[in-house]
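Whatever order the structure lists ligands and atoms in, that order sets their numbers, starting from 1.
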Amino acid sequence: MTRRPNLLPLLPASSGPHGSRSAMTCHYRCGDACSQPVPNTSANPEFHTVAEQALGRRALLGAGAAGAAALAVSGLVAEPAAASPRRPAGGRPVDHRVSRAAFTAVPPNTDDRVTVPRGFRSDVVIRWGDPVEPGAPAFDVHAQTAAAQRKQFGYNNDYVGLLPLGRGEQLLVVNHEYTNENLMFPTGTDPELVKEVAMAAHGMSVVQLRRGGRPGSWTPVPVRKARLNRRIHLDTRFALTGPAAGDPRLRTSADPKGRTVRGTLNNCAGGLTPWGTVLSGEENFNQYFEGEPDPAYATSYARYGINGGSTRGWATVDPRFDLAREPHEPFRFGWVVEVDPYDPRSTPRKHTMLGRFKHEGANVTVARSGHVVAYMGDDERGDYIYKFVSAKRMAKGRSRAARRHNLTLLTEGTLYVARFTGDGLDDDTFDGTGSWIPLTSDKRSYVDGFSVADVLIDTRLAADQVGPTRMDRPEDIEPNPVNGRVYCALTNNSNRGTTHPADEANPVTSSMVRGSLDAPLTPASGNRNGYVLELAEQGDDPRALRFRWNLLLVCGDPEAPETYFGGFPKEKVSPISCPDNVAFDSQGNLWVSTDGNVLGSHDGLFRVPVAGRSRGKVEQFLTVPVAAETCGPFITRDDRTVFVAVQHPGEADGATFESQASTWPHTDPFPRPSVVAAYRG
Ligand code: FEO
Ligand code: CA
Ligand code: CA
Ligand code: CA
C-alpha cells in the first residue's frame with residue numbers, strides 16, 4: 001500500500017542535469033555542480049565515438065551473442081553453479097541466498113516505502129538520530145544539539161559495508177554524505193544551531209550489529225554493550241599520509257605542519273580492504289567553502305569547482321570554511337579516507353598517494369603478486385577513472401605485524417589514469433582497448449612541470465596533461481571477486497551532445513525518458529540513463545598497463561532503441577536508470593543501485609548476472625521511497641541479506657520540515673534516512 005499521508009504534491013521529474021534530481025537536491029548535495037561550468041576544459045579525448053562503434057557492431061550482429069561471446073572467449077567466467085535450495089518438508093524449495101533466489105522483479109512504482117519481491121522482507125536497521133555512542137540522548141527533532149548529533153547516527157547514509165565480528169556479530173560502517181537542512185529542522189530554528197548540527201550529521205558511523213529475530217535479519221547491539229561503536233565527524237582528528245603530507249599547501253593556522261586534518265566531508269561511496277579497514281571517498285567537498293578565493297590558487301580552485309559560493313554559512317561557526325582566512329583548507333579534503341573500525345580509538349587517515357579529486361569511493365583488489373590495486377572514479381561530468389598500485393605486497397596471515405604492515409600499503413605506489421581507445425574493437429568480442437597512464441609514484445612524477453606533491457594535490461590538473469579519456473561522471477568502480485573484471489557505473493549526463501558536445505563519456509546523446517509511470521517514452525537530449533562499463537585487465541593482472549572494455553549495460557527502458565543489456569533479451573529485463581553504486585554477491589552477480597531515475601519510477605536496486613545465459617538479465621529487487629536514492633548496497637557473505645542505504649527520502653522541490661514529500665520510514669512526521677536489510681522472510 002502506498003503511504004503518503006497528507007503530503008506535499010510531488011512535482012514532475014525535472015530535466016536537471018542529474019536526471020530527475022530536483023534543484024534542491026543539486027543545492028544540498030553537490031553545490032549545484034551541474035549549473036557551474038564543466039571544470040575539465042582540457043582537450044583530452046572523449047569516449048562516445050569509440051563506444052558508438054561498439055554499440056553499432058552489437059546492433060548489426062544481434063544483441064544476444066556479443067556479451068556472452070566476449071566472456072566465453074576470454075575464459076574468465078563460468079556458468080553459475082546450480083543452486084541447491086533447501087526443501088522444507090512438504091513445501092516448495094526455497095533458496096534463501098539472494099545470489100541464486102528466483103524472484104519476480106519488483107515493478108516500477110512510486111510508493112513511499114521500500115518494496116521487495118514477494119517472499120522477501122525488509123527491516124529498518126538504523127535511522128538518522130538513533131544512538132551510536134554511549135550517552136547519546138533519545139532523538140528529539142525539536143531539541144537537536146551538535147553534541148547529541150555527534151553521538152547519534154548521521155544524516156544521508158550512503159556507503160554501507162559490513163565487517164565480521166566474533167559471536168556472529170557484524171560491524172556496520174556507513175558514510176553520511178550530506179544534509180538536507182530544510183527537511184531536518186523546523187522552520188525558525190536558530191540558523192547557527194542548524195549549521196552546528198548539520199556539520200555534526202556529516203561523516204561516518206560504525207555500529208555493531210547482531211542477528212535479529214528472523215534468519216537474515218540484523219539489529220544494532222545495545223549501545224552500552226557495543227564497544228566498537230563510533231561516530232566520525234567534522235571534529236574527528238585525521239592523519240595525512242603519503243608523499244603530499246606536510247606540503248605547504250596542506251598547512252593551516254590550526255595545523256602549521258600540514259599533517260593533521262579535522263574531520264571528513266561529503267563521504268559518498270567506499271569499499272572494504274582485505275586487511276579489515278574501510279575506504280571512504282570525500283566527494284563534493286568544494287561546496288562547503290565561502291569567501292574570497294585566493295588568486296594564488298585560482299587555477300586549482302577552478303578545476304575543483306571551489307568558488308567560495310557556499311550558502312551553508314559554516315564560516316560563522318568555524319572560520320576554516322572561509323577561503324579568505326584559510327585558503328589551504330580545501331586542499332585538506334577530496335581524499336580517500338581509511339578507517340579501522342576494529343579500533344575505535346584509532347586515528348583515521350587521508351591517503352594523499354591516492355590523489356585528490358571528487359572521490360566517489362575506492363575499491364581494492366589484490367594481484368597474484370600480492371600488490372594491492374585500488375580503483376577510483378572522479379564523479380564530475382568529463383572527469384577521469386584512476387587506479388593506484390601499491391609498491392609493497394600485502395602480508396598474509398592475521399598477525400598484528402601483518403596488519404600493521406598492510407595498514408601502510410596505501411601510502412606508497414603509483415597512481416594511474418585511464419585512457420579508453422577503440423582500435424582494439426574485435427568482431428567477435430566487441431571489446432575496446434585502453435591503457436593506464438602513470439601520473440606519479442611516491443618518488444617520481446611522470447607529468448612534466450608537476451612534482452609528486454603537485455600531482456597528488458592537483459590530480460585533475462596533472463591528469464589533464466597526459467591525455468586520459470573524459471568520462472561521464474564515474475561513480476562506483478569495483479572489481480568483481482569472482483571473474484576479476486572491474487565494473488564502473490557512469491551515471492548520466494544530460495548535457496551530452498548539446499552544451500557538452502566534446503564529452504565522450506557516454507555513447508548516448510539522445511535518450512528516451514518518461515515523466516511519470518503512465519506517460520509515454522519521449523526523447524530527451526543527452527545521456528539520461530547512464531551505463532555500466534566492464535573492464536578486463538590484460539592477463540587478468542590488476543597491475544597491468546593495458547585493458548579491454550565492454551559496455552555491459554546501456555541503461556534505460558528496454559523499449560528504447562539505445563538500450564542494451566549485456567545481450568540478454570530486452571523484453572525480459574527491468575527498466576533501469578542512472579546507475580550509481582555497485583556490489584557483488586558470492587556468485588559474482590552484479591548488484592546495481594540507482595540515483596535519479598528518469599523513467600517515472602522510484603530508484604532501486606537490481607541484480608545482474610554477468611556470466612552465462614543470464615548475463616545482462618537486469619531484475620529489480622527493491623525500490624525506495626519518495627525522492628530517495630538507493631545507496632550501499634552490500635550483500636552479506638552468506639548471501640542471505642541485502643543491505644541498502646535509503647538516502648534523502650523526501651528530497652523534493654518545495655519540501656520543508658512542515659510540508660514533507662515523504663515521511664518514510666513512517667515513525668515520525670518527517671523522513672529519516674535509514675539503513676535497510678532485505679532478506680527472505
Ligand atoms: Fe555521491 Fe557520485 O555520488
Ligand atoms: Ca554515488
Ligand atoms: Ca560498491
Ligand atoms: Ca548518489
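No donor-acceptor pair closer than 3.5 Å links the side chain of Glu651 to the backbone N or O of Ala627.
With respect to Arg473 and Glu475, a salt bridge is recorded, a charged nitrogen being found less than 4.0 Å from a carboxylate O. Under 4.0 Å is where a charged nitrogen must lie from a carboxylate oxygen, and between Glu380 and Arg303 no such pair does.
If you look at Asp379 and ask which of its N, O or S atoms sits nearest atom 2 (Fe) of ligand 1, the answer is OD2. Within Asp595, OD2 is the N, O or S atom that lies nearest to the Ca ion (ligand 4). The Ca ion (ligand 4) sits nearest to atom OD2 when only the N, O or S atoms of Asp580 are considered. When the Ca ion (ligand 3) is compared with the N/O/S atoms of Glu478, atom OE1 turns out nearest. For Asp476, the N/O/S atom at the shortest distance from the Ca ion (ligand 3) is named OD2. Its N, O or S atom nearest to atom 2 (Fe) of ligand 1 is what matters here, and for Glu475 that atom is OE1. Looking only at its N/O/S atoms, Glu283 has OE2 as the one nearest to atom 2 (Fe) of ligand 1. For Glu360, the N, O or S atom with the smallest separation from atom 2 (Fe) of ligand 1 is OE1.
Among the atoms of Glu177, no N, O or S atom falls under 3.0 Å of the Ca ion (ligand 4). Among the atoms of Glu629, an N, O or S atom falls under 3.0 Å of the Ca ion (ligand 4). With 3.0 Å as the limit, Glu475 does not count as an N, O or S neighbour of the Ca ion (ligand 4). Using a cut-off of 3.0 Å, one finds that Ala583 contributes no N/O/S atom close to the Ca ion (ligand 3).
Defined by atom type and a distance below 3.5 Å, a donor-acceptor pair is present between the side-chain atoms of Trp275 and Thr277.
Between Tyr386 and Phe357, the ring planes lie parallel to each other; the angle is under 30°, not in the 30° to 60° tilted range. Ring geometry, Phe321 versus Phe289: the interplanar angle falls from 30° to 60°, so the pair is classed tilted. In this pair, Tyr178 and His648 present their aromatic rings tilted. The plane angle is within the 30 to 60° band.
For an aromatic pair to be called close, the ring centres must be under 6.0 Å apart, and Trp335 with Phe238 fails this.
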